[in-house]
Amino acid sequence: MASAAIELNDLTVHAARRGLLEVEHLRVEAGSVVALMGPNGAGKTTLLRACLGLLRPTRGNIRVLGENVPALRGAALARLRSRIGYVPQLLPGRSELPLTVREVVAIGRTARAGLFHRLSRADWQAVDQWIEQLGLAALAERAFSQISGGEQRKTIIARAMAQEPDLLLLDEPTANLDLGWRERIVETVQALYTQTRISVVLVCHELEVLPSACRQVVLLDAGRVAATGPPEVVFTTE
């Protein structure tokens, strides 16, 4: 059997005495692109946060990249997170630190090199490689807070890829972008997958933002898996 990037079994997540997620079983195959869809409050972001160890389950098992997430603490959890590129749903409205695009991308490399280690020449080469690859070279020395929303999203994706992750979690990367930028972000995700065959979980609302490589959709509703399978099977009138 092929290895799983993510596997959930009998999972229940509560917060503030409220049930957020109840998943009997969910498996994301390694090297696949999976879309996580559903209405607001369905549990999509909760699922990602549980996979990152940011939310502890009330019961059940979460295995990510072969690791039992609820059992990890401290350095062991940090090592797992260094293997996961995470693009959060909301970007900061403004930054108190005048970081450039290059410095923001370098934060991702720091996660791999170690928090208290200076980046080496090879690390900076990796940073610049992802800046170039995502078409951000002309913006490298611009302040992150001064570039457009679409450019910020691409910068955060470059930051995640600078970690050289085994798993990429994207939480609504096209939210609040115009049609042109939504298309560019989808093209970026598709190109990254084509090049690296990285495992990708993409949270989204719109059908048009699914990359062509996506062959599994997980539809969540009220914290439960309502349907899962290929897009043409899940997206029925019913």
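Here the structure is a predicted model, which is why all the values come from computation and not from measurement. Count residues from 1 along the sequence.
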Review point. Residues in salt bridge (charged side-chain N to carboxylate O under 4.0 Å, His left out) with Glu22, at least two apart?
Key: Arg224
Exercise for review: Check salt bridge (charged side-chain N to carboxylate O under 4.0 Å, His left out) between Glu141 and all other residues, then give those that pass, not counting sequence neighbours.
Suggested key: none
Would you say [X]'s side chain and [Y]'s backbone share a donor-acceptor pair under 3.5 angstrom?
X: Glu172; Y: His205; result: no
X: Gln216; Y: Thr228; result: no
X: Thr100; Y: Arg142; result: no
X: Lys44; Y: Gly38; result: yes

Going from [atom1] on [X] to [atom2] on [Y], what distance comes out if it is rounded to the nearest 0.5 angstrom?
X: Leu139; Y: Ile131; atom1: CG; atom2: CD1; value: 9.5 Å
X: Leu169; Y: Leu48; atom1: CG; atom2: CG; value: 5.5 Å
X: Leu52; Y: Leu47; atom1: CG; atom2: CG; value: 10.0 Å
X: Leu11; Y: His25; atom1: CG; atom2: NE2; value: 12.0 Å
X: Ile6; Y: Ser199; atom1: CD1; atom2: OG; value: 8.0 Å
X: Ile107; Y: Thr155; atom1: CD1; atom2: OG1; value: 11.0 Å

**Study point:** Pairs where residues 49-61 contributes a residue and the test side chain to side chain donor-acceptor pair (under 3.5 Å) is met, not counting sequence neighbours
**Key:** Thr12-Arg59, His14-Thr58
Would [X] and [Y] show up in the same hydrophobic cluster when neighbours are defined by side-chain heavy atoms closer than 4.5 Å?
X: Leu65; Y: Val200; result: no
X: Val233; Y: Leu220; result: no
X: Leu55; Y: Val203; result: yes
X: Val225; Y: Val13; result: yes
X: Ile198; Y: Val189; result: yes

Looking at every heavy atom in both [X] and [Y], which two are closest together, and how far apart are they?
X: Cys51; Y: Ile84; value: O-CD1, 4.4 Å
X: Ala158; Y: Leu136; value: CB-CD1, 4.2 Å
X: Ala226; Y: Asp221; value: CB-CB, 4.2 Å
X: Gly223; Y: Val23; value: O-CG2, 4.2 Å
X: Cys214; Y: Pro231; value: O-CG, 3.7 Å
X: Pro211; Y: Gln190; value: CB-OE1, 3.4 Å

Check your understanding: With sequence neighbours left out, what residues match Ser32 under side chain to side chain donor-acceptor pair (under 3.5 Å)?
Key -> none
Review point. Can you tell which of Leu26, Val218, Val217, Leu202 makes a side-chain contact (heavy atoms from CB on, under 4.5 Å) with Val34?
Key: Val218
Exercise for review: For a side-chain hydrogen bond (donor to acceptor under 3.5 Å, both in side chains) with Arg109, tell me which candidate from Gln125, Glu164, Gln163 qualifies.
Suggested key: Glu164
Side chain proximity check, [X] to [Y], heavy atoms < 4.5 angstrom:
X: Ile156; Y: Pro88; answer: yes
X: Ile185; Y: Lys154; answer: yes
X: Trp130; Y: Ile157; answer: no
X: Arg102; Y: Val127; answer: yes

Check your understanding: Can Met161 and Leu168 be said to form a side chain to side chain contact (heavy atoms under 4.5 Å, CB included), step by step?
Key -> CA-CA 8 Å; Met161 293 305 297; Leu168 184 62; 4.1 Å; yes
Exercise for review: For side chain to side chain contact (heavy atoms under 4.5 Å, CB included), just list the numbers for Leu134 and Leu192, CA-CA rounded to whole Å, side-chain angles, deciding distance to a tenth of an Å, and then say yes or no.
Suggested key: CA-CA 9 Å; Leu134 270 72; Leu192 289 177; 4.2 Å; yes
Review point. Hey, is CD on Glu132 packed in by over 12 heavy atoms from elsewhere, all under 6.0 Å?
Key: no
**Study point:** side chain to side chain contact (heavy atoms under 4.5 Å, CB included) assessment of Met37 paired with Leu207
**Key:** CA-CA 9 Å; Met37 305 187 73; Leu207 305 187; 3.7 Å; yes
**Study point:** Chi angles and distances behind the side chain to side chain contact (heavy atoms under 4.5 Å, CB included) call for Phe144, Arg159
**Key:** CA-CA 12 Å; Phe144 176 79; Arg159 181 184 71 179; over 6 Å; no
Revision key, fill the gap. Residue pairs passing the salt bridge (charged side-chain N to carboxylate O under 4.0 Å, His left out) test with at least one member in residues 177-197, sequence neighbours excluded, are Arg182-Glu208
Exercise for review: Could you list all the salt bridge (charged side-chain N to carboxylate O under 4.0 Å, His left out) pairs where at least one residue sits in residues 61-89, not counting sequence neighbours?
Suggested key: Arg83-Asp166
